Number of protein chains: 2
Amino acid sequence: MPRTATTLDAADTSLRQQVYASLREALTSGRFAPGQKVTFRYVAGVLGVSLTPVREAMRRLVAEGAFEMNPNRSVRVPLMTRDKVLELRDIRMELEGLAAAKAALAATRSQIAGIRHAAREIIVARNRGDGATDRQKVREFHFAVYAAAGQPTLLRLIEGLWLQTGPYMNLLYPDFISSSRGPAGRQRLIEALQAGDAATARREMENDIRRALSYVAGLADENGNIAPAIPVTAGKRRRPSASAAVFELQVN
Amino acid sequence: MPRTATTLDAADTSLRQQVYASLREALTSGRFAPGQKVTFRYVAGVLGVSLTPVREAMRRLVAEGAFEMNPNRSVRVPLMTRDKVLELRDIRMELEGLAAAKAALAATRSQIAGIRHAAREIIVARNRGDGATDRQKVREFHFAVYAAAGQPTLLRLIEGLWLQTGPYMNLLYPDFISSSRGPAGRQRLIEALQAGDAATARREMENDIRRALSYVAGLADENGNIAPAIPVTAGKRRRPSASAAVFELQVN
DNA sequence: AATGCATTTTTGTGATCACAAATCCCACGA
DNA sequence: TCGTGGGATTTGTGATCACAAAAATGCATT
């Protein structure tokens, strides 16, 4: 089942939570153009709710770094730069490396089975050339490892970091992926988890993140800016449908 | 000057920001009892504002882990446990160690001078037996190092972690402090920063955090719970004064 | 005195309104 | 052609209201 949220938000049915989830989904799947201004009233209109839950959801995303706020109090999708990618790379290597190490010490047999299953699904999607499923499964694989670490605060921090890098992971496809030694690394990671070898698990995780984000950093132009991966759903007009509303990709 | 906020919130004069700052200050100085229920209307009453800015400030603090929310939608101050302290210890060692390493590569001469100054002020406060100033200066010392790393996202993450451990750092006084080798460690850290020795800077920072938080974890009772350091300001009734309002310490 | 139940009060949620600051837009002049 | 100024519009902010869920309270019964 394709759950995107991983924290224990459990049964929060509040509108605010739904708005938060919608915006999060729209951000990670790249339905907002970086630099795009996103107004409260626009989001409220698209989702068919009032300003109140939108404000709270968007403020939270600002606090998490998924949106940023100009001094002149307007909310924008952050632009990605080489420096920011490199900063996120180093932070993620630390935290996700730590999570992998903890997972090696704490993972149960069934958790390891789940991780192994996700790894196989990556291969399947990749052999089919299905990039979207591939990315989804990569996410599931990683978070299966992090969940096995059993550290809730750590998990929440990592989710926040994925929210910031998410829109740019499309850039890994297809060039980086095809030349990648990802499957072998994941295999070594799984074996380390099973053997309880924390140091190896950490090293494999760090290597995976280093290679991917270093590649993305290399895509920066001469000003250090990184263009986002443009999704396919531009143009089409949609009317505000309550829950599963979709955002336009408008470049201003 | 005793600034507590460290991020570039610059000139955000919004009520929401003021409420956020007030609550943050109240939390870090331990004016709320862990487990205490904190209602929106109570905070709004104490600070003399409407619910709107209070809601947004408190939701942000919930997202940051400084408050937690029951499934029955009521906001409480989180209880600290041994497991949580140990998790925070390991995360902080990674991130603050990384920041120290980056600072060793990036700090300017004037930044190092500022760090050295803060270290001296710790000694002064400690010799006077002034615990409150001591803690404040320790905070300034650490964040002077982290600021020198020049990594804004990393800085923001570290601030969030300090917000969670903050109320419990009082527990280090006076026993841990007197038996501590802190000053010598800080001296070695400063020398590593000056020499551009990232590995040593990281190691010293990691050791500092490991020792402090391991000590706090050792204070847990048989159930794994850790009692907060109770501040001195209990009891007295106060009326809502607009900006510098103080919160009661009410234990329910 | 303890317990079960109904009523009252408290409390979070979402919508709406008023207002000021920021932004936009277009005519006007150099 | 390119600013430039000022009025109209947009947009974030904070207050207030209505409502439903949750918690507290009171009361009767055993």
Side-chain angles (χ1 to χ4, degrees), chain A residues 8-23 32 35-64 66-78 240-243 245 247-248 250-252, chain B residues 8-23 32 35-64 66-78 240-243 245 247-248 250-252:
Chain A
L8 41 129
D9 8 43
D12 189 346
T13 62
S14 66
L15 271 186
R16 158 179 27 90
Q17 189 63 24
Q18 293 176 242
V19 173
Y20 175 78
S22 291
L23 288 172
F32 288 121
Q36 176 181 352
K37 186 168 68 179
V38 182
T39 67
F40 292 171
R41 283 173 173 87
Y42 167 69
V43 174
V46 170
L47 277 81
V49 298
S50 82
L51 287 182
T52 312
V54 172
R55 278 167 61 171
E56 297 190 359
M58 288 185 70
R59 300 226 147 278
R60 174 170 173 189
L61 288 164
V62 168
E64 290 173 344
F67 283 121
E68 69 185 8
M69 230 181 122
N70 293 23
N72 316 330
R73 60 175 198 175
S74 77
V75 176
R76 295 184 165 279
V77 181
S241 84
S243 66
F247 294 94
E248 301 290 334
Q250 56 186 18
V251 200
N252 259 342
Chain B
L8 42 129
D9 10 40
D12 190 345
T13 62
S14 67
L15 270 185
R16 157 179 28 90
Q17 189 63 26
Q18 294 175 240
V19 173
Y20 176 78
S22 292
L23 288 171
F32 288 121
Q36 175 182 354
K37 188 167 68 176
V38 181
T39 67
F40 292 171
R41 283 174 173 86
Y42 167 69
V43 174
V46 171
L47 277 77
V49 298
S50 81
L51 288 182
T52 313
V54 171
R55 277 169 60 171
E56 297 190 358
M58 289 185 69
R59 300 224 146 280
R60 174 169 172 189
L61 288 163
V62 168
E64 290 173 343
F67 284 121
E68 69 184 8
M69 231 180 118
N70 293 23
N72 316 331
R73 60 175 197 174
S74 77
V75 177
R76 294 184 167 278
V77 180
S241 83
S243 66
F247 294 94
E248 300 289 335
Q250 56 185 21
V251 200
N252 256 343

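Here the structure is a predicted model, which means the values were calculated and not measured. In the text below, chain A, chain B and the rest are named by the order of the sequence lines, each starting its count at 1. In what follows, every heavy atom counts, from backbone to side chain, and hydrogens, waters and symmetry copies are set aside.
A distance of 9.0 Å separates CG of B:L15 from CG of B:L47, quoted to the nearest 0.5 Å.
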What string of B, S and - do you get for nucleotides 9-22 of chain C, 5' to 3', when a contact is any protein heavy atom under 4.0 Å?
--BBBBBB----BS
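Just one residue in the list A:M58, A:R59, A:R76 forms a side-chain contact (heavy atoms from CB on, under 4.5 Å) with A:F67, and that residue is A:M58. A:E56 pairs with exactly one of B:R60, B:R55, B:R16 by the salt bridge (charged side-chain N to carboxylate O under 4.0 Å, His left out) rule, that one being B:R55.
Nearest heavy-atom pair across B:V19 and B:V49 is CG2-CG2, 4.2 Å. The two residues B:M69 and B:V62 have their closest heavy-atom pair at CB-CG1, 4.4 Å.
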